[in-house]
Amino acid sequence: MRTADHRILITADLPGLSTALLQPLSPQRWHGHERDSLLRAVAGCDALLVTANERVDEALLSAAGAGLRVVGTYSVGTDHVDLEACARAGVRVVTAAGTLASAMAEHTFGLMLACARRIVEADRFVRTGVDWRWEPDAFLGAQLAGHRLGVLGMGSIGQAVARRARAFDMEVHCLRHRPEAVHAPDLIPHATLGDLARVSDFLTIHVPLTSQTDRMVDKAVMAALPSGAVIVNTSRGRVVAQSAMIELLESGHLGGVALDVFEEEPLVPDELRRNPRAVLTPHIGSATTTTRQGMTAEVLRRIKLALA
């Protein structure tokens with residue numbers, strides 16, 4: 001593997017990034033935020049390692065020049081990468097796939113529990129310092145046990161969520177689109193998203209953002225959910241029709257939403273920020289030390305293989 005002369009531009013300080021991991025690449029760092037600055041910095045590089053904050057399109061590929069051979073993204077999703085433009089330019093795209101499932105599944109359940117059990121509301125109440133006493137009906141929420149979980153997307157993350165749901169004594173439902181992934185006898189498959197919605201007391205979303213999944217969880221799907229259902233989204237904000245979700249949350253049809261992603265990050269609508277039944281986190285589903293370090297190592301491994 002002869003990569004000693006290969007220049008790689010890295011657009012963020014990544015957890016676990018070390019000289020040993022970078023060897024034998026020649027790294028350069030970009031610490032800016034302006035698009036024009038990135039277009040200048042990428043010129044002449046052989047490899048590019050970006051985060052989901054950077055858009056990889058024809059303009060960026062052109063600025064890099066004909067020597068660019070591989071783009072690595074510090075993510076599993078590639079919705080910020082123009083895959084067709086990369087293919088036309090002969091640039092390979094690699095991701096950190098295979099490293100996120102456990103962390104994402106844990107965060108999904110953290111959000112689900114926080115929303116169902118009103119943990120964030122209760123935490124804020126205690127922090128006010130007001131006098132309080134135990135009351136039988138204070139902060140009543142929903143328990144997970146005995147309820148039905150709809151898992152939209154049965155890739156590695158969705159399957160990890162399904163496994164954990166069994167430990168919470170939940171009945172797990174999914175779509176029949178990938179029968180090879182639905183191998184457990186206790187998973188209940190459904191033919192359509194509408195069918196899945198109608199039986200989902202909790203709906204958790206784990207599909208990539210593509211032209212097919214853009215706002216696939218629309219108002220009709222959400223209206224089909226049982227009254228009081230909770231939506232959990234740790235995939236991409238635009239998979240859900242956000243304005244319709246807010247409308248159904250404010251009407252009371254949705255019992256709550258637990259979101260790690262939003263339609264136009266970092267913008268979060270005021271209606272969500274002030275709603276006590278909305279639990280919101282800033283796109284941190286994979287944010288464990290172990291996972292983020294693993295992502296760094298994996299995407300660099302794949303970049304080196306592409307350059308070999």
Side-chain angles (χ1 to χ4, degrees), residues 52-53 100 102-152 157 161 164-165 167-170 200-206 217 219 222 225-292:
N53 293 325
L100 279 70
S102 290
M104 294 296 297
E106 289 179 2
H107 193 64
T108 295
F109 267 92
L111 288 172
M112 200 182 311
L113 285 164
C115 189
R117 296 301 306 272
R118 302 175 63 182
I119 291 172
V120 176
E121 281 184 81
D123 175 84
R124 288 174 179 161
F125 171 77
V126 171
R127 290 175 190 273
T128 64
V130 301
D131 291 336
W132 60 274
R133 53 175 290 175
W134 183 88
E135 298 287 351
D137 60 352
F139 293 101
L140 290 179
Q143 64 185 44
L144 303 190
H147 282 89
R148 300 166 298 182
L149 175 66
V151 182
L152 177 56
I157 296 172
V161 169
R164 286 158 177 78
F168 280 92
D169 293 327
M170 301 186 82
S200 298
D201 302 308
F202 295 84
L203 179 66
T204 182
I205 301 166
H206 305 286
V217 182
K219 186 174 182 179
M222 290 183 277
L225 291 166
S227 180
V230 170
I231 291 176
V232 183
N233 189 8
T234 59
S235 61
R236 289 293 185 267
R238 278 175 46 200
V239 174
V240 179
Q242 187 168 275
S243 60
M245 177 184 64
I246 292 171
E247 178 185 339
L248 292 171
L249 179 64
E250 292 183 334
S251 74
H253 177 71
L254 293 177
V257 296
L259 310 172
D260 188 47
V261 289
F262 306 90
E263 197 169 90
E264 293 185 30
E265 296 176 6
L267 301 178
V268 179
D270 289 343
E271 296 92 335
L272 287 175
R273 290 192 294 109
R274 63 174 175 248
N275 195 310
R277 291 174 293 148
V279 176
L280 314 171
T281 55
H283 206 142
I284 59 170
S286 64
T288 71
T289 301
T290 299
T291 294
R292 291 283 172 88

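As the structure is a prediction and not an experimental result, all values here were calculated from the model. For the single chain, residues carry numbers from 1 onward in sequence order.
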At their closest point, which heavy atom of [X] faces which heavy atom of [Y], and how far apart are they?
{"X": "S286", "Y": "A103", "result": "CA-CB, 4.1 Å"}
{"X": "L267", "Y": "F262", "result": "O-CB, 3.9 Å"}
{"X": "E250", "Y": "N275", "result": "CG-ND2, 4.4 Å"}
{"X": "H206", "Y": "V161", "result": "NE2-CG2, 3.6 Å"}
{"X": "A278", "Y": "L272", "result": "CB-O, 3.6 Å"}
{"X": "F125", "Y": "T128", "result": "O-OG1, 2.5 Å"}

Which value, rounded to the nearest 0.5 Å, describes the distance between [X] atom [atom1] and [Y] atom [atom2]?
{"X": "D260", "Y": "T281", "atom1": "CG", "atom2": "OG1", "result": "3.5 Å"}
{"X": "I205", "Y": "N233", "atom1": "CD1", "atom2": "CG", "result": "4.0 Å"}
{"X": "S251", "Y": "I246", "atom1": "OG", "atom2": "CD1", "result": "12.0 Å"}
{"X": "M104", "Y": "H107", "atom1": "CE", "atom2": "NE2", "result": "7.5 Å"}
{"X": "D201", "Y": "R148", "atom1": "CG", "atom2": "CZ", "result": "4.5 Å"}
{"X": "S235", "Y": "L152", "atom1": "OG", "atom2": "CG", "result": "7.5 Å"}

Side chains of residues 110-124: which donor-acceptor pairs under 3.5 Å do they make with residues two or more places apart or in other chains?
unit_1: R118; atom_1: NE; unit_2: E121; atom_2: OE2; d: 3.0
unit_1: R118; atom_1: NH1; unit_2: L140; atom_2: O; d: 3.0
unit_1: R118; atom_1: NH2; unit_2: E121; atom_2: OE1; d: 3.2
unit_1: D123; atom_1: OD1; unit_2: R127; atom_2: NE; d: 3.2
unit_1: D123; atom_1: OD1; unit_2: R127; atom_2: NH2; d: 3.3
unit_1: D123; atom_1: OD2; unit_2: R127; atom_2: NE; d: 2.6

Is it the case that the side chain of [X] and the backbone of [Y] share a donor-acceptor pair, with hydrogens and angles ignored and the cut-off at 3.5 Å?
{"X": "T291", "Y": "T288", "answer": "no"}
{"X": "H147", "Y": "A142", "answer": "no"}
{"X": "R277", "Y": "G252", "answer": "no"}
{"X": "Q242", "Y": "E263", "answer": "yes"}

Chi angles and distances behind the side-chain contact (heavy atoms from CB on, under 4.5 Å) call for I231, L254: CA-CA 8 Å; I231 291 176; L254 293 177; 4.0 Å; yes
Of all residues at least two apart in sequence or in a different chain, which pass the side-chain contact (heavy atoms from CB on, under 4.5 Å) check with A165? F109, L149, M170, V172
Which residues pass the side-chain hydrogen bond (donor to acceptor under 3.5 Å, both in side chains) test with E265, sequence neighbours left out? H283
Just wondering, do [Y] and [X] contact through their side chains at under 4.5 Å, heavy atoms?
{"X": "V230", "Y": "L225", "result": "no"}
{"X": "T234", "Y": "V261", "result": "no"}
{"X": "E106", "Y": "R164", "result": "yes"}

Looking at D137, I want to see if its CG is surrounded by more than 12 non-hydrogen atoms of other residues, nucleotides or ligands under 6.0 Å. yes
